[in-house]
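Residue numbers begin at 1 in each chain, while the letters A, B, ... track the order of the sequences. As the structure is a computational prediction, the values presented were derived from the model and not from experiment.
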Amino acid sequence: MAKQVTLTIDGKQVTVPEGTLVADAAKMAGIDIPVFCHHPKLEPVGMCRMCLVEIGRPVRDRATGQFVMENGAPKIQFMPKLETACTNKVEEGMVVLTRSQKAVEGQKGTIEFLLTSHPLDCPICDKGGECPLQNLTVAYGPGKSRFLYDEKMHLDKQVPLGELIWLDRERCIQCARCIRFQNEIAGDPVIGFDERGRATQIVSFSDPGFDSVFSGNTTDICPVGALTTSDFRFGARPWELQAHASICTQCPVGCNTTLNTRREAKSGGRIVVKRVMPRQNEDVNEIWICDKGRFAYHYTEGKQRLTRPMIRKDGKLTRASWDAATKLAAENFQKAKKNFVILASGRLSNEDLFNLKSLAEHADGKAYIYSHMGGGELTSLVGVGEGTNFGSMGAGTTIVVVASDLYEEAPVWYLRIKQAAARGANLIVMNARETKLDRYASFTVRYAYGDEVKAVSDLAKKGKIGDTFLKSENAVILYGSDGLGVSGSAALASACAKLLHDNGFTGRPNNGLIGVWGRANDQGAWEMGFEVEEDLAKAFKGKTVYIAGADPVADDPKLAKALEGAEFVAVQDVMTTATTEIADVVLPAQAFTEREGTLTSGERRVQRFYPAVPVTGEAKADFAITSQIARHMGIVLEGTSVSAVFDILAASVKSFEGLTYARLAEVRPQWPIVGRSDLYYGGTTYENTQGMGAQLSAAAGRGEKVSIPKVEKEALVRPKEKELLAVPVTKLYDRGTTILPSELLHERIGEAKVILHPETAKSLGVEEDQKVSVSFNGVNGEAAVKLTDTISVGVALIPRSMGLAIREPVAVKVK
Amino acid sequence: MAHILLRHRDIPDIHKLEVYKKNGGFAAFQNAVTRMKPNEVTEVVKNSGLRGRGGAGFPTGMKWSFIDNKNWPHYVVANADESEPGTFKDREIMESNPFQFLEGVAIASYAVGANAAYVYLRGEFWQIAAFLDEKIAEMEAAGYLGKNLFGTDYSLKIYTHLGAGAYICGEETAMLESIEGKRGQPRVRPPFPPSYGLYGKPTIVNNVETLTNVPLILANGAEWYKSMGTADSAGVKIFSLSGRVRKPGNYELPFGTTFRELIYTYGGGVQDSRKVKAIMPAGASSSLILVDDEKVLDTPMDYASVRTLGADLGSASVIVIDDTVSMDWLINKTVHFFRHESCGKCTPCREGTYWMSHLTERIHEGRATRADVDLLLNVAKQMQGKCLCALGEFSTMAVVTGIERFRQDFDKVVKA
């Protein structure tokens, strides 16, 4: 533990760790020193001059180093000038006066100065009502202006920094929080100051503008209404909004969020989600979320939502009652016997997946997870366990990232691993191509696509890298599916698990295997015992299929064909998809915004989300639909209460043992202190009052004997002449069903692409942005050529879910 | 008396290496490197009483002794930004006596263990930078710079670096940021450059004139240097004289010379033989010295004596103001300068200079009332002691002293 230092702030004795800044020490002791530029997660800069206080230090005798005493107490010498509480570190015996007349005058002066050029547009400002400048003006300002209104400087009020973030130059108080966030935390230094003095302005120097997947966070920590999102600007007043705790469903990180809702006329008097905000969880996402999590929620409200059950009659889907629809499904499921197949995705909650898996077990069917990635059995076995937190990783811990571009696949993990590396963690990034995380890596390992398993198996033998890995106290490996399909990623998982297991990096906090999954609750599906099937087309043929939260028809023409040949197809989803279009029964499910439940993150943290808006039409929660079908089959599954399902699940799934629904809602004090009464540090980040979740145990952590299945090497794809090796990669923004309805992201999503090395393009005779035809395994499509020299020659990267149905490495023809 | 700094005025062609060498050039540096320990060099400078000529007057040897020897490498940066209006002394040194300055840089580098030194020049000095580059190349060719100097294991490179036209880059930490390729904005101090400077490494920043003193101090000894000037302010100083005088220019004189001598003996007196009304001893950053009594002109120009007049000697850029000048005009000029140059980093300076400029403009144009003058004084005082660096502070000096000492000038131009 750091050395403790005791000082006095406004007469109150405060003991804090050495190195704490005076402003933070005061905050810890319940004393608010007003700040604008200071943020505990950023380096101090002392530029706004809001936190001016009087600081006295004990006088020390030069010869002895002892305090000079005066009237029985150390003699305190105050500096003639006020000092900034945000740049001065605490010292033993220090005396701080935050409310002395001199300090109050100083603080009042800073507010008055700031307001001389700040516009008087609070009544139409998005920040009004949750604005630190507004709050501090009321609390610390002079109450009256001496500045002539006519002399105010007028600047542009609607400047797009990119298509997602807008700048109001007049409102900006030049605190540089946004710039510093982008430089220090996001690692995307794409905005900065231009001009100087009063003309200083924020500019973006990237193309596209504000090219960072973390840009939305700057609007949260902006202490004024200078930065707003195009999603929310002029959308509502903060005091009209209700707040509901939720979990982001876009990736396996499991960022804690708050859904702000409002009943509004322009939505026909309905209650709708107005914005998604981060909710503090220092173990998961701290106070940040990525732009996909912030902006891609619109699918829950789209016109394409399913509102009522439907049955195919005379070839057409027609409206049906819940009873009729579930009965029809049940009859067919029962009839199918062993030919019953369930396909569910990680978009569903733990409770949904548990009921589905139970149904499969009772009905003697198969339960498959819809994923392009394998190896999940191993993350249950040697996955990271209780107490694992990227925020506590530093020197002594090795973090290996293999076959994953975290910036694109799990941005907040990228951000936190970058920070861990800055604290001294040993970061090893292994990929077939360059990724953004490479910049922060202690070691970068480059392999050829297809050599993933070998690269991991050889890691410990690799000289300095191997030594560093083996000498670590802790090690985690995050493996993904960059360039890999199901069997490839399963083989990779096995190699990673073996490496960890053989070297004792399992069963302890900050040790183990993490899967960089495609969906939010894939880990949950694995914990429930779902399996992945590489050849789904074969698995569907002639079977009775129950699909929940997946759209295989749109994703892959081969699967569409296979489902045509299925005996019976029941589809349960929140919206109309290509798959619901071919279904025999369609069952409308509630969106995550309309219900409660739990999700298991990639770090195996189980977290609760809560209902925020009323149910759309007749939609029901997935677990309830499954229960209703099961009842018709004579199978009893809990279907009324999520917490009851959770309790049953906790009693039957070993890794959930000991967890209760209530425990997931527990919170504990966090630093920095954020919240509604204190906007300085969190900005508009929400305080966590509804649960920080709990981590599952891993088999290795429970002391069970663990054996890792042997690594099966995937057969290498060998492109013939005039063919290239095409590999699937994941991009943050794709044409997936949960992203595409958010129109403001369309510019970022772009079109179907094939990414080539310039030399490859040259030998094919194609150029940047040229439309080419791409064909492989019976798939034919069009894509635009993108060039980069960060990949190997002879390889074509094809982003997933962008219109070309690539599931694993294939030989491809590009023309 | 022969010049110590402006030696080109006595010795023709001293900017030529051979001439400089013939006049004892580089002997001090060679002697230091081959016969003295670095801390012995610092000791001599410390004993000489040399104080920084950039404006703050901080004891040079003491600054050198603060260098953090636990953290390496070390750097020396010569501040050749010379951005203070009314200051034009460093330019003359670099243009005409470049080797003495560069030898000073070299000795300072040896004293603090720096193997690389930077000369940071304001953007307008691009010709001087090119000239210095030539001189540096000549020194390298002659073995005074480069690897293993004089057969020792001491090596030194000197680089020039041009600014981009910002006054603030004369502030030492803004200058360091600028050299690093960042926006020229000051850093929070502490930490000070001797512990956290260029690229976060211990760095000594000295003014050109300061460093130009060093070779002769080493050659002639601390006692020789101390024999000039006053007890508080040792040695000689270049006074950049400008304003309403007949013969503006640089005058190298011992500390303790009186204003009267400078203005009348050397500067040829006031234009049109008018009366001195005020003196700005430190350029635009000065407090205005009220010359209501002839005796004021007899004040010796050294750090302590000037302070008794309610002003700082600073860089000794003496601007003489006669009774044709009204102070409302003058502070409108200085405030607009600082508003233009405020980097925008800290609130009081960014907003305060903007606010003050509106007030001074209104006052000067006769559109203001007495209350506006009081407000201006109040705003200026509200800025004092709150700014991140000295620029904001400097912008208030002429305003506060102008209003407090020359209130009648303001009362004359305001509306009733």
Toward chain B, the part of A:Phe36 with a non-hydrogen atom under 4.5 Å:
neither

Take the angle between the ring planes of B:Phe58 and B:Phe66 and call it parallel below 30°, perpendicular above 60°, tilted in between.
tilted

For A:Lys152, is it the side chain, the backbone, both, or neither that has a heavy atom closer than 4.5 Å to a heavy atom of chain B?
backbone

May I ask you to check whether over 12 heavy atoms, not counting those of B:Trp72, lie within 6.0 Å of atom CH2?
yes

Name the region of B:Cys349, side chain, backbone, both or neither, that has any atom closer than 4.5 Å to a heavy atom of chain A.
neither

Within 6.0 angstrom of B:Glu124 CD, more than 12 heavy atoms from elsewhere
yes

Which atoms of A:Asp194 come close to chain B, meaning under 4.5 Å heavy atom to heavy atom: side chain ones, backbone ones, both, or neither?
backbone

Please classify the contact between A:Thr87 and chain B as side chain, backbone, both or neither, with a heavy-atom cut-off of under 4.5 Å.
side chain

Which of A:Met153, A:Arg49, A:Glu83 touches chain B most, by non-hydrogen pairs under 4.5 Å:
A:Arg49

State whether a side-chain donor-acceptor pair under 3.5 Å links B:Thr87 with B:Glu82.
no

Top of B:Met383, B:Gln384, B:Arg187 for chain A proximity - count of heavy-atom pairs under 4.5 angstrom:
B:Met383

With a 4.5 angstrom heavy-atom cut-off, which part of B:Leu375 approaches chain A: side chain, backbone, both or neither?
side chain

Please look at A:Glu105 and chain B and tell me whether the side chain, the backbone, both or neither of the residue comes under 4.5 angstrom of a heavy atom of that chain.
neither

Do you see a donor-acceptor pair shorter than 3.5 Å between the side chains of B:Arg350 and A:Gln174?
yes

Is there a donor in the side chain of A:Arg177 and an acceptor in the side chain of A:Gln182, or the other way round, less than 3.5 Å apart?
no

Which of A:Glu151, A:Lys81, A:Arg198 touches chain B most, by non-hydrogen pairs under 4.5 Å
A:Glu151

Determine the option with the most heavy-atom pairs under 4.5 angstrom with chain B, choosing from A:Leu114, A:Asn88, A:Thr84.
A:Leu114

Distance-only donor-acceptor check, side chains A:Ser212 and A:Asp188, under 3.5 Å:
yes

For residues B:Glu171 and B:Thr173, is any side-chain donor paired with an opposing acceptor at under 3.5 Å?
yes

If I measure from the heavy atoms of chain B, does A:Thr200 come under 4.5 Å with its side chain, its backbone, both, or neither?
side chain

Side chain, backbone, both or neither: which part of A:Leu148 has a non-hydrogen atom closer than 4.5 Å to chain B?
side chain

If you count the non-hydrogen atoms of other residues, nucleotides and ligands that lie under 6.0 Å from NZ in B:Lys201, is the total more than 12?
yes

